Amino acid sequence: MSDRLMSVNAYTTLDYVEATAKGQEFEWESVAVVNATTDTENPDSVHLQLEFDNLSERHLPKHMEDLELTPEQARALAADLEKHAARVENASTENDGGETST
């Protein structure tokens with residue numbers, strides 16, 4: 001992904017994810033970068049950032065989403081992600097014929 005607005009380096013949370021942008025009149029699949037970060041000095045919030053590779057996209061101008069989360073919001077999001085990740089893993093185990101733990 002060239003010409004990014006986000007800085008992508010060894011510390012980037014996820015430097016490649018499959019993503020879909022949906023609008024009223026379009027649906028577009030691409031790759032994206034996702035990063036969770038805080039300010040280096042005196043952090044007062046968590047930033048969740050997302051940027052699509054939009055070199056061929058005509059509906060969305062180049063941009064980056066930046067969600068500013070309180071520590072409580074970040075923990076709530078992390079807990080929800082953990083819950084859904086476990087659900088996907090359990091479904092995968094069931095589909096493979098393996099044992100599932102509760």
Side-chain angles (χ1 to χ4, degrees):
M1 199 161 84
S2 62
D3 195 26
R4 294 182 193 96
L5 297 172
M6 277 177 61
S7 213
V8 178
N9 57 41
Y11 301 105
T12 303
T13 308
L14 300 171
D15 59 1
Y16 181 92
V17 296
E18 293 182 16
T20 304
K22 297 178 182 181
Q24 284 185 322
E25 300 177 6
F26 73 95
E27 184 168 315
W28 170 65
E29 293 180 4
S30 184
V31 296
V33 174
V34 179
N35 194 40
T37 188
T38 61
D39 292 334
T40 305
E41 295 181 22
N42 302 319
D44 63 351
S45 60
V46 176
H47 292 267
L48 182 61
Q49 302 167 325
L50 169 70
E51 183 179 1
F52 276 75
D53 179 3
N54 73 334
L55 292 177
S56 64
E57 173 52 27
R58 59 187 172 91
H59 296 286
L60 296 172
K62 182 169 76 170
H63 71 287
M64 174 185 73
E65 303 296 336
D66 186 343
L67 302 177
E68 187 174 311
L69 306 171
T70 65
E72 295 78 17
Q73 291 170 324
R75 286 187 184 98
L77 178 59
D80 225 23
L81 289 170
E82 285 286 342
K83 177 181 74 174
H84 291 292
R87 189 168 175 215
V88 170
E89 288 173 337
N90 288 338
S92 176
T93 302
E94 289 174 5
N95 291 336
D96 291 341
E99 299 276 328
T100 336
S101 61
T102 56

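Since the model is a prediction, treat every value here as computed from it, not as a measurement. Just so it is clear, the values below take in all heavy atoms, side chains as well, and ignore hydrogens, waters and symmetry mates.
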Applying the side-chain contact (heavy atoms from CB on, under 4.5 Å) criterion to Leu77, which one of Leu67, Leu69, Val46 satisfies it? Leu69
Distance (rounded to the nearest 0.5 Å) between Leu50 CG and His63 NE2: 7.5 Å
Among all residues two or more places apart in sequence or in another chain, which pass the side chain to side chain donor-acceptor pair (under 3.5 Å) test with Asp15? none
According to salt bridge (Lys or Arg N to Asp or Glu O under 4.0 Å), who are the partners of Lys83, at least two apart in sequence or on a separate chain? Asp80
Who passes side chain to side chain donor-acceptor pair (under 3.5 Å) against Glu89, sequence neighbours left out? none
Throw together a table of side-chain donor-acceptor distances under 3.5 angstrom for residues 21-32, partners on residues two or more places apart or in other chains.
unit_1, atom_1, unit_2, atom_2, d
Trp28, NE1, Glu57, OE1, 3.4
Ser30, OG, Asp53, O, 2.7

Only pairs under 3.5 Å count here: list side-chain donor-acceptor contacts from residues 34-42, not counting sequence neighbours, and write none if there are none.
unit_1, atom_1, unit_2, atom_2, d
Asn35, OD1, Thr13, N, 2.9
Asn35, OD1, Thr13, OG1, 3.0

Restricting to side chain to side chain donor-acceptor pair (under 3.5 Å), what partner residues turn up for Glu68, sequence neighbours left out? none
Same hydrophobic cluster for Leu81 and Leu14, using side-chain heavy-atom links shorter than 4.5 Å among ILVMFWY? yes
Value rounded to 0.5 Å, distance of CD in Gln49 from CE in Met6: 5.0 Å
